[in-house]
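Note sheet for the following structure.
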Amino acid sequence: MSQFKVVVTDYEYSTFAPEEAVLDKLGIQLTFEQCKTEDDVIAACKDADALINQYAPITRRVIEQLDNCKVISRYGVGFNTIDVDAATEKGIIVGNVTDYCLDEVSNHAMALLLSLARKVTLLNNSVKNGVWDFKVAVPIYRLQGKTLGLVGFGNIPQTVARKAKAFDLNVIAYDPFVAPEVAAAQNVELVTLEELCERSDYLSVHVPLNAQTEKMISTKEFAMMKKEAFIINTARGPIIDEQALIEALQAGTIAGAGLDVLETEPIAADNPLLAMDNVILNPHSAFYSVEAETELKRKTAENVADVLSGYYPTYLVNKAVKEKVKLEDKL
């Protein structure tokens with residue numbers, strides 16, 4: 001019998017070989033659940049030593065019922081499913097994986113940008129509907145010299161910036177938490193959010209979802225943007241006020257959108273975005289590649305293995321928990 005109980009609260013995966021390869025070394029057998037509600041998580045995880053989480057809600061109410069939990073590790077960069085403050089108060093370490101899918105998401109953002117700029121999807125659909133005429137995509141503007149604005153300048157948008165420069169795009173960014181010298185080293189100008197909206201021909205969203213970023217791009221921001229501008233979101237849907245986006249697109253306030261994420265997923269059948277030729281919609285897929293998924297699963301399990309072995313994890317979200325939990329730093 002395992003020394004520790006580690007519960008996967010919910011999952012969409014068909015294999016757990018990467019996690020098992022990590023945790024087998026500690027003699028841990030995973031317990032698999034498909035929790036949808038707070039009550040589901042409490043029932044399945046009340047006595048667990050560690051949780052691996054995908055989408056199940058790990059709220060304050062849940063955390064207060066976790067009697068033995070030492071670490072919650074989330075599949076992903078974001079951790080909006082977890083009440084981090086409550087975990088910190090309880091002395092539970094929260095881990096994520098900040099450096100996986102950098103290549104995948106940055107490529108996906110660029111793919112959406114290029115598809116919008118060259119109207120590739122619109123032309124494809126037109127040809128398949130029997131219309132062989134480039135003029136359905138008029139106007140198309142040259143990419144060279146246009147400005148890409150990045151909302152956020154963490155690992156993923158820094159990777160986007162490097163790739164965008166290969167297409168001769170100027171890159172600016174808004175991120176109040178990034179030092180100017182970090183941006184300057186990549187020849188990226190840090191600006192205010194207002195200036196970002198005003199100057200960008202393409203605006204790409206790359207911030208985590210939290211109370212400060214929810215609906216941070218809304219009516220006011222769309223009103224500042226160029227009528228020829230496109231917005232791209234490969235982060236989290238609720239960062240953009242979707243109703244404000246729909247109204248901006250309907251009014252012609254902006255030119256179009258490339259969205260890998262939405263406020264409500266899957267998208268509702270009556271969502272007006274589905275009927276818009278100037279909108280590209282993907283099913284929250286930017287993170288995915290075979291290699292990225294394997295890396296994510298391995299590193300998520302390593303967070304758990306580190307804590308249960310007496311170490312702070314490589315990917316520690318709530319650094320303030322060190323005041324409550326004394327472990328060793330990994331060398």
Side-chain angles (χ1 to χ4, degrees), residues 74 76-85 96 98 101 105-106 108-110 112-113 116 147-161 164 171-180 182-183 188-251 253-265 267 271-273 276 279-282 284 286-287 317:
R74 184 165 190 281
V77 178
F79 43 85
N80 51 291
T81 58
I82 304 166
D83 188 325
V84 176
D85 289 339
N96 63 344
T98 58
C101 75
V105 176
S106 59
H108 209 94
M110 287 302 301
L112 290 171
L113 188 158
L116 290 166
T147 296
L148 167 62
L150 300 170
V151 183
F153 201 59
N155 290 331
I156 289 173
Q158 287 182 37
T159 309
V160 173
V171 183
I172 60 178
Y174 164 72
D175 194 324
F177 302 105
V178 167
V182 172
V188 172
E189 180 185 358
L190 287 179
V191 299
T192 65
L193 181 59
E194 291 75 13
E195 189 173 357
L196 191 87
C197 293
E198 291 168 355
R199 289 174 54 184
S200 296
D201 298 289
Y202 310 97
L203 192 151
S204 190
V205 176
H206 299 281
V207 291
L209 176 62
N210 54 43
Q212 289 69 46
T213 62
E214 186 171 0
K215 296 186 189 299
M216 69 179 291
I217 308 297
S218 190
T219 303
K220 175 185 173 184
E221 287 70 32
F222 290 123
M224 297 177 190
M225 292 173 66
K226 302 175 183 180
K227 289 188 176 180
E228 301 82 14
F230 295 93
I231 190 165
I232 296 150
N233 191 2
T234 53
R236 288 293 185 271
I239 295 165
I240 295 177
D241 183 338
E242 193 168 293
Q243 185 56 42
L245 171 62
I246 290 168
E247 291 171 2
L249 291 165
Q250 290 172 333
T253 305
I254 63 172
L259 307 173
D260 184 56
V261 289
L262 295 159
E263 277 191 8
T264 301
E265 299 175 1
I267 190 170
N271 192 312
L273 295 170
M276 297 182 182
V279 175
I280 299 173
L281 297 170
N282 284 178
H284 202 147
F287 70 93
V317 172

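Just so you know, residue 1 is the first one in the sequence shown, and it goes up from there.
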Flag side-chain contact, heavy atom, 4.5 Å: M276 against I246
yes

Quick one: pull up CD in E214 and CD1 in I240 and give me the separation to the nearest 0.5 Å.
12.5 Å

Within-4.5 Å side-chain heavy-atom neighbours: N271 and E242:
yes

Salt bridge (charged side-chain N to carboxylate O under 4.0 Å, His left out) between K215 and E263: does it pass, once the steps are laid out?
CA-CA 10 Å; K215 296 186 189 299; E263 277 191 8; 2.9 Å; yes

OG1-CD1 distance between T192 and I172, expressed to the nearest 0.5 angstrom:
9.0 Å

I'd like to know whether R74 forms a side-chain contact (heavy atoms from CB on, under 4.5 Å) with V317, so could you lay out the CA-CA distance, the side-chain angles of the two residues, the decisive distance to 0.1 Å, and finally the verdict.
CA-CA 10 Å; R74 184 165 190 281; V317 172; over 6 Å; no

Looking at CG of L281 and CG of L273, how far apart are the two atoms once the value is rounded to the nearest 0.5 Å?
6.0 Å

Summary of salt bridge (Lys or Arg N to Asp or Glu O under 4.0 Å) pairs that have at least one residue in residues 195-212, sequence neighbours excluded:
E189-R199, E195-R199, D201-K226

So, E221 side chain and S218 main chain: donor-acceptor pair closer than 3.5 Å or not?
yes

Check side-chain contact (heavy atoms from CB on, under 4.5 Å) between L116 and all other residues, then give those that pass, not counting sequence neighbours.
F230, I232, I280

How about N80 and P208: do any of their side-chain heavy atoms sit closer than 4.5 Å?
no

Could you tell me whether a side-chain N or O of T213 sits under 3.5 Å from a main-chain N or O of I239, the two making a donor and an acceptor?
no

Taken to the nearest 0.5 Å, the spacing of I156 CD1 from T98 OG1 works out to 9.5 Å

Is a side-chain donor or acceptor of N233 paired with a backbone partner of R236 at a separation under 3.5 angstrom?
yes

To the nearest 0.5 Å, atom CG of D175 lies from atom NE2 of H206 at 11.5 Å

Value for CD1 (I217) from CG (L245), rounded to nearest 0.5 Å, stands at 10.5 Å

Sorted by chain and residue number, the salt bridge (charged side-chain N to carboxylate O under 4.0 Å, His left out) partners of D241 (sequence neighbours excluded) come out as none

For P157 and F153 the tightest heavy-atom approach is CG-CA, 3.5 Å

For the backbone of V77 and the side chain of N96, can you confirm whether one donor and one acceptor N or O come within less than 3.5 Å of each other?
yes

